[in-house]
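A quick write-up on the structure given underneath.
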Amino acid sequence: MNYDFKQTEQKWQEKWEQSGVFEAKDNSDKKKFYALVEFPYPSGAGMHVGHIKAYSGLEVVSRKRRMEGYNVLFPIGFDAYGLPTENYAIKTGIHPRQVTDNNIAKFTSQLKRVGFSFDWKRVVDTTEEGYYKWTQWIFLKMFENGLAFRDKTLVNYCPSCKVVLSNEDSQGGKCDICHSDIVQKSKDVWYLRITEYADKLLEGLKDVDYLPNIKLQQENWIGKSTGAFVNFKVKNTEETLKIYTTRPDTLFGVTFMVMAPEHPMLDKYKDMISNFNEVEAYRAECAKKTEFERTQLVKDKTGVKLSGFVAVNPVNGKEIPIFISDYVMMGYGTGAIMAVPAHDQRDYDFAKKFGIDIIEVIKGGDISVEAYTGDGEMVNSDYLNGYKDKKSSIARVLEELEKQGIGEKGVQYKMKDWAFNRQRYWGEPIPIVHCEKCGMVAVPYSELPLKLPEVENFEPGQDGESPLAKIDEFVNCTCPKCGGKAKRETDTMPQWAGSSWYFLRYIDPHNDNELANMEKLKYWMPIDWYNGGMEHVTRHLIYSRFWHKFLYDIGAVPCEEPYAKRTAQGLILGPDGVKMSKSRGNVIDPNEVVDVYGADVLRTYVLFMGDYEQAAPWSENSVKGCKRFIDRIWNLQEILAEGDEYSPELSSSFHKTIKKVSEDIETLKYNTAIAALMTLLNAIYAKGSINKAELKSLLLLVNPFAPHVTEEINEAVFADGMLASTQWPTYDEAKCVDETIEIVVQINGKVRAKMNVPAEVEAADAIAMAKADEKIASEIAGKTIVKELYVKGRLVNIVAR
RNA sequence: GCCGGCGUGGCGGAAUAGGCAGACGCAAGGGACUUAAAAUCCCUCGGUGGCAACAUCGUACCGGUUCAAGUCCGGUCGCCGGCACCA
């Protein structure tokens, strides 16, 4: 009896779709479960096996939850705006809309072939008018609330993509998309004031169940530091130079100060600075450097000493020179620092190069060699002398600074505001109008969606202008406020926008009056479990949490945090153990696997191949192992016997396996869950028959992993409806334990014998039985017994000398 | 540089809370069935010694705690991920 997976899988996929078993029900009395997977970018290359692994995890959980009686929302959609589609359109002349529709159709059919239990009635496409209307709506709400603003700044600009990039998109000085070198350019840029939510984003982490390393990465990304702001007077002016430091305890060790070359105070006092020409020359030099170069030359410090511009240390009145150097950034703190070379390595390097004094204020290091950043007794520090640790000296100095009004406690974040616009066609138009009289004016809500106009040429303009800027009918408009002539904003939103709130739209995907109905939101939110890639746990997760917290603050959603729980799956590497890539030619196409082995095998393999959270290489041979597993399940029909309860030989195996599989699915240990099922299968074949009660339980347990073959067997044998809507099997804790167990007898910690004992044996009896063993008796004969231990259900250990 | 994580057979990986290291799968070797092959089934499968029972070593490396260490502690090396002149 050969298993025809092709026909069977197609048959059940159609049955599931027709019956609507996987459609989530609104207005249900049942307990809800909202499982979310990261929606894919529908690239032309089609699905990747990584997608299959990412979705299979929560797929199994979702199917189990339905069988446990939950009303499950397990949706899918498409994050379809983005550069690859646009670049493809530029190359081929095919409209991005057409490219996107084709790719979505391709992804949809591929996903359906794997048999995922998504609710296909709730598909969301970020590029669809009914969707991006609400993306624009959220933007306008942010604009109204002062969280979206425009500012002129130096931006990371990719000359190849002709696009402005956020710091996140240009890490290491390379464009995230095309990997060319980033240059700095002055431009008008839209920002979202995410920094205003920094503390809330940090605080919120306390209440959610994310993997610890995910929380940690978010914390590092936000980068909160506590310290102090201190005001240094500038000699012969009324000006104070404000600095931020985490080490106010070292104030008496300050021997110079450094300002960022772009610091605005420099221009204000350029007449006082007798060598301002040197400042300008240095600035020009810095502007040439990319952010990457700036961070590469860590050891070799450069800078210019300002003449005629001198600061005064507020704690001791000492005059201290001021330098400019590019190791101080305008974007962090106040753009100026107090330098304590004795206790900061960067300041130390700078001082050594420029021959500046190094004054030790904390004992414990050797400042003739390097800066000492550890703890120790304070010296050369007036009222701080004698303090023995950082914590108390900081507390003392803060008290003094506040009393004298020269400084205060302060907090800083590494996270910067989110650069939000792109000079690209295939994105959501930013719904803002620039009016000569009124300035920036929001497009009225009634005019949303502000539709993306048709263009003929998707290439960006010469100086990185958006393709939309070339469409006069789009650009020229009337001001919604005064009715006068105005011009539309022509930049579009970044790809992150649509993915920052998509999970809300699944709850009410066709609502034209609000982004989602509040009653429905109250029922479904928060997301019970969100799984996705490790590469998204900083940016996407922070951005979407930020949007959600904002929506909560304006009363659009009912809870503060969107995700109650977040996990991440590991990569699937190529068979050569290296990350899959087209250029390496080690990409596995999930379609081919489905063609050759079937969807059940593919699903089982991606979960069985290793620890779900770790990276693991693809192995064609191991796929075959899962094929055998599926075939052996099918062949159980050949050894089927009657029986409406577990046979005595297999009863405890079944109870144990149900327990193991049920628990492992909840903790991402799919590999050991499948291993347990294989072990049970081996036990069944060893016995030589399976009865109907046993088969039913086994089919239910395997069903979330391999739904097609199990449904088919169930129909053939029982013909009593779908497993998908059958109760998940239960186990009896009492029946998981065997009456007698094998334990180990050790002498001095080394295994010397094994014996069978009743499970509930007393320690003394177990030890007595052990000593009665012939081999053990001869081993301990003539020795003194020092200690005897019994570890319940495990071992007896006799320590003898 | 800083912050995380990891290091177990030929391979992917198991091993509650310190208690038989190597579950499960793959590969390999041997056998059965077959004219033959595929498929399937059975056996072996960390190293060394031994016909065997068994002994002995073994979880990156060095040391420690413990009756008992893959697991805990200290140090070293290596790999992976994140951040990176963050004051």
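These numbers come from a predicted model, not from an experiment. Within every chain, numbering begins at 1; the chains are lettered A, B, ... in the order of the sequence lines, protein sequences first and strands thereafter.
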Assign [X] to base, sugar-phosphate, or nothing according to its heavy-atom contacts below 4.0 angstrom with the strands shown.
{"X": "A:Lys775", "value": "sugar-phosphate"}
{"X": "A:Asp347", "value": "nothing"}
{"X": "A:Asp344", "value": "nothing"}
{"X": "A:Lys669", "value": "sugar-phosphate"}
{"X": "A:Leu216", "value": "sugar-phosphate"}
{"X": "A:Gln614", "value": "nothing"}
{"X": "A:Lys624", "value": "nothing"}
{"X": "A:Ala336", "value": "nothing"}

Q: Kindly confirm or rule out a cation-pi arrangement of A:Lys53 over A:Tyr612, judged by NZ or CZ under 6.0 Å from the six-membered ring centre and within 45° of its axis?
A: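 So A:Lys53 does make the cation-pi contact.
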
Q. Charged N to carboxylate O under 4.0 angstrom, A:Arg566 versus A:Glu38?
A.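 A salt bridge links A:Arg566 with A:Glu38.
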
**Q.** Residues, nucleotides or ligands: over 12 heavy atoms within 6.0 Å of A:Glu666 CD
**A.**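 Counting neighbours around CD of A:Glu666, more than 12 heavy atoms of other residues, nucleotides or ligands fall under 6.0 Å, so yes.
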
Q) So does A:Asn621 get a side-chain nitrogen or oxygen closer than 4.0 Å to the phosphate oxygens (OP1/OP2) of B:G12? A)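 Result: no.
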
Q | Ring-ring centroid check A:Phe350 A:Phe256, cutoff 6.0 Å | A |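 Yes - the distance between ring centres of A:Phe350 and A:Phe256 falls below the 6.0 Å cut-off.
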
Could you state the [atom1]-[atom2] distance from [X] to [N], rounded to the nearest angstrom?
{"X": "A:Tyr332", "N": "B:C85", "atom1": "OH", "atom2": "C1'", "result": "12 Å"}
{"X": "A:Phe629", "N": "B:G25", "atom1": "CZ", "atom2": "P", "result": "10 Å"}
{"X": "A:Tyr597", "N": "B:G25", "atom1": "OH", "atom2": "C1'", "result": "14 Å"}

Q) Just by protein heavy atoms under 4.0 Å, how would nucleotides 39-49 of chain B read 5' to 3' in B, S and -? A) -SS--------

